[in-house]
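Read through the structure below, which is laid out as structure tokens, and then see the notes.
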Amino acid sequence: GEPVAVGINDVLRTYGLHVEWANNESLGVISAIVALENIYKGAGVYKKGAYPDLVDKVIRTLHRAYGDKAERATYSRVMLEGLGIFIANFGARIDYDRLQYILQGTVPRQIAAQARTLRDARGKKASGLGQAAAEVLHQMYNHRYKQKLPEFGAVEILNTLPDDNKFEQDQLYVDPNQYVTT
């Protein structure tokens, strides 16, 4: 009856998934419970609250990208946290068809390996694995794309979410080169 667990389970059931504590090798099982709870609470980007729409966007994106071909790593902590941070930061700016296409061309283990490499290169204390995965997804998304997303530091969230907790956000793009004259 815990609200966070009920909210997460409602979203997962929609996609034929469920949470299980054991590291079960069967498909349709997610054992990254803490990652799901963090996404539900705002992915460390929004002020703490209840954001079932964010969980839905993350799971829907992974489900559409990998579908029945989803491997165990698809719903790993790295993928969930990385995609949660990525979506929470860029929300309405994301072309979800493009994101799905990018994910389909890359296995989740490869994204996780790149995230670990990026995190280790910066030092483990500099940023977490989820943030590193979000940055890898950001690089993949922007690669050879005309409508690039701004860098992580260039997005300033004005009003995180309205009081009714709908998944919308007002963002202001801050051009880092706005004071540079040529």
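Atoms considered below: every heavy atom in the structure, side chains included; atoms not considered: hydrogens, waters and symmetry mates.
- Under the salt bridge (Lys or Arg N to Asp or Glu O under 4.0 Å) criterion, the residue pairs touching residues 3-16 are Asp10-Arg13, with sequence neighbours excluded.
- Using a 4.0 Å cut-off between charged nitrogen and carboxylate oxygen, Glu135 and Arg119 do not count as a salt-bridge pair.
- Taking all atoms of both residues into account, the shortest heavy-atom contact from Ala134 to Ile85 is CB-CG2, 3.7 Å.
- Remark: Tyr145 engages Tyr141 in a ring pair (Phe, Tyr, Trp, His ring centres under 6.0 Å) (not counting sequence neighbours).
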Can you check side chain to side chain contact (heavy atoms under 4.5 Å, CB included) on Leu149 and Phe86, steps first, answer last?
CA-CA 11 Å; Leu149 295 173; Phe86 180 76; 3.5 Å; yes
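- Nearest heavy atom pair, residue Val55 against residue Leu36, reads CG2-O, 4.2 Å.
- Residues satisfying the side chain to side chain contact (heavy atoms under 4.5 Å, CB included) test with Arg144, not counting sequence neighbours, are none.
- Annotation: the span from Gln100 atom CD to Ile94 atom CD1 amounts to 13.0 Å, rounded to 0.5 Å.
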Check: residues 102-117 side-chain donor-acceptor pairs under 3.5 Å, at least two apart:
residue : atom : partner : partner atom : Å
Thr106  : OG1  : Ile102  : O            : 3.3
Arg109  : NE   : Glu71   : OE2          : 3.2
Thr117  : OG1  : Ala113  : O            : 2.9

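- With sequence neighbours excluded, the residues that form a side-chain hydrogen bond (donor to acceptor under 3.5 Å, both in side chains) with Asp56 are Tyr15, Arg60.
- Here CZ of Arg122 is found 11.5 Å from CG of Asp120. Values are rounded to the nearest 0.5 Å.
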Under 3.5 Å donor-acceptor pairs involving side-chain atoms of residues 75-82, not counting sequence neighbours:
residue : atom : partner : partner atom : Å
Ser76   : OG   : Ala73   : O            : 2.9
Ser76   : OG   : Met79   : N            : 3.4

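- Note that CG of Asn142 and CG of Leu137 are 11.0 Å apart. Values are rounded to the nearest 0.5 Å.
- Between Tyr46 and Ile87, the shortest heavy-atom contact is OH-O, 4.5 Å.
- We find the CG-NE2 distance between Leu12 and His63 to be 11.0 Å, quoted to the nearest 0.5 Å.
- Taking hydrophobic clusters as Ile, Leu, Val, Met, Phe, Trp and Tyr residues chained together by side-chain heavy-atom distances below 4.5 Å, Val11 shares a cluster with Tyr96.
- Applying the side-chain hydrogen bond (donor to acceptor under 3.5 Å, both in side chains) test to Asn9 and every residue at least two apart in sequence or in another chain returns nothing.
- Residues Ile33 and Leu54 share a hydrophobic cluster, clusters being chains of Ile/Leu/Val/Met/Phe/Trp/Tyr side chains in contact below 4.5 Å.
- Note: Phe90 and His138 have parallel aromatic rings, judged against thresholds of 30 and 60 degrees for the angle between ring planes.
- The side chain to side chain contact (heavy atoms under 4.5 Å, CB included) check on Val4 picks up Glu2, Ile8, Glu37, Tyr40, Lys41, with sequence neighbours excluded.
- Within the model, atoms NZ of Lys57 and CG of Leu99 stand 11.0 Å from one another, a figure rounded to the nearest 0.5 Å.
- Panel note: side chain Tyr66, backbone Thr74; no donor-acceptor pair is recorded below 3.5 Å.
- If you take CD1 on Ile39 and CG on Asp53, they are separated by 13.5 Å, rounding to the nearest 0.5 Å.
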